[in-house]
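The figures that follow rest on heavy atoms only: side chains count, while hydrogens, waters and symmetry mates do not. Numbers restart at 1 for each chain; the letters A, B, ... are given by sequence-line order, proteins then strands.
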Amino acid sequence: MASNRFTPTGFPRVPLQNGIGRYICQLKRVTLRFCKSSGSSRGIRDFIETELINFAQEHPGTAVYLKPRRHKSPSFVAEYLNGEREVISCHNFTAQQMVKWLNLYTTRSGVPLMRYVKMWHTECPSIQGVWSPFTNMDPKLNTTQFPSEELNKPTWEEKSATKKLLEMVKNTKINDVNEDDTQRIEATQM
Amino acid sequence: MLTLRTINRILKVVKTNQRCEQSFHRWLAPTLRELKRRKDALGPEKPVHRKTYIEWNYDTELYAFSKRLGEEFNNNLLQQALTERSYIVSEEEKQKSVGIDQPLLDLADNSKLVTKGSNFIDDIVNRYLHTVLPRLPEEGIIEIQKYLTSTETLSHISFHIGTSELILCADFPVEKLTLANVLKSITAALVESSGNGRATAFVRDFILTQIADKDLHQFWKPEEPIKLLSDILARDNVQSPEPRLIGCSGKNTLLACFRVGLYTPHNKQMIGLGFGETVDIAHEMAARDGLRQLFGLSDTILLPFNIELENLCASNTKNLSVNEWSQMKLSPQSKHLEFYQTKIISSN
């Protein structure tokens, strides 16, 4: 899906809560426009000869019209229940391509193509309730006495250079003592 | 320099000798411009009815319409349901203007079906709401029902199942009232062709599902919730609830937030919780929350659309009104829903 500035943006929507009750195919009418003689209509003519009856039987809720027009490029017009109408060019299509494109347009909702801001949408304001500063509050805070020493401190404090140095000195001292101890132990053993 | 001069001379000669023939039609752009100007002067095109197109077959459309809904209609009844009185009148006038004194039209209009369908829809919506929301006061049920059976909602549904082009009526584009009436008459036609069961399922699938995903609190907002809550509790012999400030943040700032809990004095149970930018608002929100919990209308409510339709409660069932609402009077009624839900779960 192109994401240029001309594509409308929006959320995925379902017309008429389709699917909560029963599913309605949103394609109400399809008109196949083709030429009876030109080569570019070859595929659509093949489609009409071989596949059209199957298509009409599988989608009884869609009215199918055939409209031959002399020496014009073939196309089909998909009309949807929400009033939208789309024209799709079938120039030089094969019968198989026609099946695939018609399948795409029968399974669409008819809402014009758009760039989705999110992949979901809900009319319900919130499932977990409206947020307040007390939502997901730590239960420990219920019994804390204020002012508290611990909570007054910053949550993360960087060690100062002096503190780091002192720690390093402390560590080395312990190591020296340890080494002396081992030497002493070794001496006694000898 | 010499060479440039010679080239220029040669070019001059060539220019004067060649015939002036251009590769494009100079008349094309002005003609198109003129056509555009005339078209603009005529104003925007009026919308035309789909039936004026060559590719239009009313019988095919009717067949597709019933198949789309997945219902079996009696063809004559469906035709009658889609015929408005205004259409018959206008057709008769047309025939008279041609010179036919006694116009013959083999058409019946849908006015009878409309009243029948309207009653049927009202009944089903009413029974469903009473079954699903047994604790909600009658006033709330009436408001939700008003929304579901309003012209606005029904015309929206009617348009989206594709009636707008099939209706035979004088007005174009079709008015909302006509669309709503046709949905009612279609329901009545379905009752007569396939029986009550199918028609009930039709109403559920297309009309009742309109409240799915909606905020149910927007339809009915009780006034003075604090007073109402204490009145209701008084009927159950509970003292009026005690509000307590249980949270407070950002006091004396723009983003102040207070949280108030309502507690029953006798057993110290919290019955409502709310927050707001002042203590008064938080108190009122807590009372609203308490009322919602009593009325079984919590924020996370999911209405069951799959309950068995034969077992909807009787049409004369009435919920308690706000003025007499108390939990003691409620007990036998409120078990409806739990009963149906367990039934569905066990059958699944």
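With a 4.5 Å cut-off on non-hydrogen atoms, F275(B) touches chain A through its side chain but not through its backbone. With a 4.5 Å cut-off on non-hydrogen atoms, T31(A) touches chain B through its side chain but not through its backbone. Within the 4.5 angstrom heavy-atom criterion, no atom of L216(B) approaches chain A. Contacts between F202(B) and chain A at a heavy-atom distance below 4.5 Å involve backbone atoms as well as side-chain atoms. Residue contact with chain A, scored on non-hydrogen atoms closer than 4.5 Å, involves the backbone and the side chain of R259(B) alike.
By the 6.0 Å contact criterion, CD1 on I54(B) is open, its count of non-hydrogen atoms from other residues, nucleotides or ligands being 12 or less. Within 6.0 Å of CD on Q218(B) lie more than 12 heavy atoms contributed by other residues, nucleotides or ligands. Counting heavy-atom neighbours within 6.0 Å of W101(A) CH2, excluding the residue itself, gives a total of 12 or less. Within 6.0 Å of CD1 on I53(A) lie no more than 12 heavy atoms contributed by other residues, nucleotides or ligands. Environment of CZ in R42(A): sparse, with no more than 12 heavy atoms of neighbouring residues, nucleotides or ligands closer than 6.0 Å. Crowding of E149(A) atom CD: a count of heavy atoms from other residues, nucleotides or ligands under 6.0 Å not exceeding 12.
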Kindly determine whether F206(B) and Q17(A) satisfy side-chain contact (heavy atoms from CB on, under 4.5 Å), including the steps that lead there.
-> CA-CA 8 Å; F206(B) 292 108; Q17(A) 317 281 22; over 6 Å; no
Give the intermediate values and the outcome of side-chain contact (heavy atoms from CB on, under 4.5 Å) for residues R68(B) and H59(A).
-> CA-CA 9 Å; R68(B) 184 182 305 143; H59(A) 307 283; over 6 Å; no
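For the atom pair CH2 (W56(B)) and OH (Y65(A)), the distance works out to 6.0 Å, reported to the nearest 0.5 Å. Note that CD1 of I20(A) and CZ of R204(B) are 12.0 Å apart. Values are rounded to the nearest 0.5 Å. In this structure, the separation between OG1 on T163(B) and CG on L81(A) is 10.0 Å, given to the nearest 0.5 Å.
Between chain A and the options T60(B), L208(B), I157(B), the largest number of non-hydrogen pairs under 4.5 Å is found for I157(B). In terms of non-hydrogen atom pairs under 4.5 Å with chain B, the most contact-rich of P15(A), C25(A), P133(A) is P133(A). Comparing R29(A), K67(A), Q26(A), K28(A) by heavy-atom pairs within less than 4.5 Å of chain B, the highest count is held by R29(A). When the candidates S298(B), G247(B), G162(B), G250(B) are compared by the number of heavy-atom contacts under 4.5 Å with chain A, G247(B) comes out ahead.
The shortest distance between side-chain heavy atoms of Q210(B) and L16(A) falls below 4.5 Å. Using a 4.5 Å heavy-atom cutoff, the side chains of H160(B) and N18(A) are not in contact. At least one side-chain heavy atom of I24(A) sits under 4.5 Å from a side-chain heavy atom of I161(B).
Using a 4.0 Å cut-off between charged nitrogen and carboxylate oxygen, R50(B) and E79(A) count as a salt-bridge pair.
S249(B) approaches F134(A) most closely through the heavy-atom pair N-CZ, 4.0 Å. Scanning both residues, E61(B) and A63(A), for their nearest heavy atoms gives OE2-CB, 3.6 Å.
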